[in-house]
Number of protein chains: 2
Amino acid sequence: MARAAVKAQAAEPLDGAERILQILSESARLFATTGYDGTSMRDIAEACGISKSLLYHHFKDKDEIYARITLGSTRELYQFVFDRLPEGARPIERIRGFMVATGEYFQRYRWAWVASTTAFWNDPEQRRQKERMMWRDRYENLLRGLIQAAIEAGELRPLDVPLAGRLILSSLNWMHRWYKPEKGMSAPQIADAYFDMILNGLKVEG
Amino acid sequence: MARAAVKAQAAEPLDGAERILQILSESARLFATTGYDGTSMRDIAEACGISKSLLYHHFKDKDEIYARITLGSTRELYQFVFDRLPEGARPIERIRGFMVATGEYFQRYRWAWVASTTAFWNDPEQRRQKERMMWRDRYENLLRGLIQAAIEAGELRPLDVPLAGRLILSSLNWMHRWYKPEKGMSAPQIADAYFDMILNGLKVEG
DNA sequence: GCAAGGATCGACCGGACGGTCAGGTGTTCC
DNA sequence: GGAACACCTGACCGTCCGGTCGATCCTTGC
């Protein structure tokens, strides 16, 4: 009877892959809403209904969870957008495709997107940070290439390409600060509206 | 001789007001670069060359320092921009004034600006947060009023005013993520370039 | 010359954090 | 039936954090 308190096994065992997905999804939500430092391993465990120790069974440490989310979603964003660029379309329409696809990605993978977009401070593991930035740069260069092509095709005025790219990315990257999914336009719709405003300008025609 | 280790007084005493400014300035820099949670009271004390206890002599707690910075700079931003709107100018030029003034504020009070622009999570003291949001709203509504006036004056196309406002603010609020003060355009110059792109559009004229 | 009060310090506290450990269950495979 | 292994647990550890305390030093005013 001295062993009365033993009784382990509270959460029903899940297949490893499912558990890992659950952990990543709950972590992404927490990181996105309360930040890296504001999210403790205890919070994550509680949100998953498991013990803290189990997190360390599946992941080396907190930073590995974080890196999986941010690196993963940055890489995926690039691939997601790249795959959706309308082939053979006019350069200007490809820019619209870039923006709308980014809006779609944001809407689908909101928490991971927010976590990795706001990833900024904390560079605990330099190598991981570097790899993430590599994909981020690739994503940004993809847009710059589209802008450059549109200029050469005579569809855009000759302009400061990096700055124009930053203007477009700013509009998309800032969305998470005010976007409420339950009401108003969807994220791709917003991206499309931004496309119209940025490309045509706010001024009256002529 | 048992008192050998006493010897207090390491930092030369400063007039209270100067010390407070020093603390606020160092804190703003730290909050902006390493975040709220990533900045400890020990970090702040060390950056100021004083003991941790002294921080508590001047401020009630960590959150009071943070609130002073973020609330203060949000209120100041509104006032700063408001005072620089060109009176009597065409509505569209007043929008330019809004953007350039914001760029100037960013350049001058960079760390406080970044700290308060990225303030997001952590609402430890609800009242302070509310007051900050009030000034933030006032700032945003100022811009919306300018846009509305420009539409009514026939200088802007009829458009979704809140969305157009967000587009403009996004471009300014995202600047701190890539801006390097030592090279390239100054912040007001960037704001002006953004104004041109957003108002006239990226597309070739006609 | 001494009281008052602001500026400053080092030592300390309770609590939360990231992470470890030894072990308990349940399945699968020989 | 038992070895191997994946899944899971509570108890524990050292560290750092925000914050407190009592004392010392310095200036100012009487």
Short side-chain N/O contact to dC7(D) OP1/OP2 from His57(A), under 4.0 Å: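 It does, given that an N or O in the side chain of His57(A) lies less than 4.0 Å from OP1 or OP2 of dC7(D).
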Any Arg19(B) side-chain N or O less than 4.0 Å from OP1/OP2 of dG6(C):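 For Arg19(B), the contact criterion (side-chain N or O under 4.0 Å from OP1 or OP2 of dG6(C)) is not met.
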Within this structure, what is the [atom1]-to-[atom2] distance between [X] and [N], rounded to whole angstrom?
X: His58(B); N: dG19(D); atom1: NE2; atom2: C1'; result: 16 Å
X: Leu54(B); N: dC25(D); atom1: CG; atom2: P; result: 16 Å
X: Asp43(B); N: dC16(D); atom1: CG; atom2: P; result: 12 Å
X: Ile50(B); N: dG6(C); atom1: CD1; atom2: P; result: 17 Å
X: Glu18(B); N: dG6(C); atom1: CD; atom2: C1'; result: 15 Å

Test applied, side chain to side chain contact (heavy atoms under 4.5 Å, CB included); reference residue, Met175(B); option that passes from Thr102(B), Ile190(B), Val114(B):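 Going through Thr102(B), Ile190(B), Val114(B) one by one, the side chain to side chain contact (heavy atoms under 4.5 Å, CB included) with Met175(B) is satisfied by Ile190(B) alone.
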Non-hydrogen side-chain atoms of Met41(A) and Asp61(A) separated by less than 4.5 Å: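 A side-chain contact is absent here, since even the closest heavy-atom pair is not under 4.5 Å.
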Polar atom pairs (N or O), protein with nucleotides 18-22 of chain C, under 3.5 Å:
{"unit_1": "dG18(C)", "atom_1": "OP1", "unit_2": "Lys62(A)", "atom_2": "NZ", "d": "2.6"}
{"unit_1": "dG18(C)", "atom_1": "OP2", "unit_2": "Met41(A)", "atom_2": "N", "d": "2.8"}
{"unit_1": "dG18(C)", "atom_1": "N7", "unit_2": "Arg42(A)", "atom_2": "NH1", "d": "3.0"}
{"unit_1": "dG18(C)", "atom_1": "O6", "unit_2": "Arg42(A)", "atom_2": "NH2", "d": "3.2"}
{"unit_1": "dG19(C)", "atom_1": "OP2", "unit_2": "Tyr56(A)", "atom_2": "OH", "d": "3.1"}
{"unit_1": "dG19(C)", "atom_1": "OP2", "unit_2": "Lys62(A)", "atom_2": "N", "d": "2.9"}
{"unit_1": "dG19(C)", "atom_1": "N7", "unit_2": "Lys52(A)", "atom_2": "NZ", "d": "2.5"}
{"unit_1": "dG19(C)", "atom_1": "O6", "unit_2": "Lys52(A)", "atom_2": "NZ", "d": "2.3"}

Check: Phe98(B) ring centroid to Phe195(B) ring centroid under 6.0 Å: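 Distance test on ring centres: not under 6.0 Å, no.
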Ring centres under 6.0 angstrom apart (Tyr139(A), Phe82(A)):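 When the ring centroids of Tyr139(A) and Phe82(A) are compared, they turn out to be at least 6.0 Å apart.
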Reported OG1-to-CZ distance for the pair Thr117(A) and Arg177(B), which is rounded to 0.5 angstrom: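 Going from the OG1 atom of Thr117(A) to the CZ atom of Arg177(B) covers 8.0 Å.
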All ring-ring contact (aromatic ring centres under 6.0 Å, His included) counterparts of Tyr109(B), not counting sequence neighbours: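 Checked Tyr109(B) against ring-ring contact (aromatic ring centres under 6.0 Å, His included); matches are Tyr105(B).
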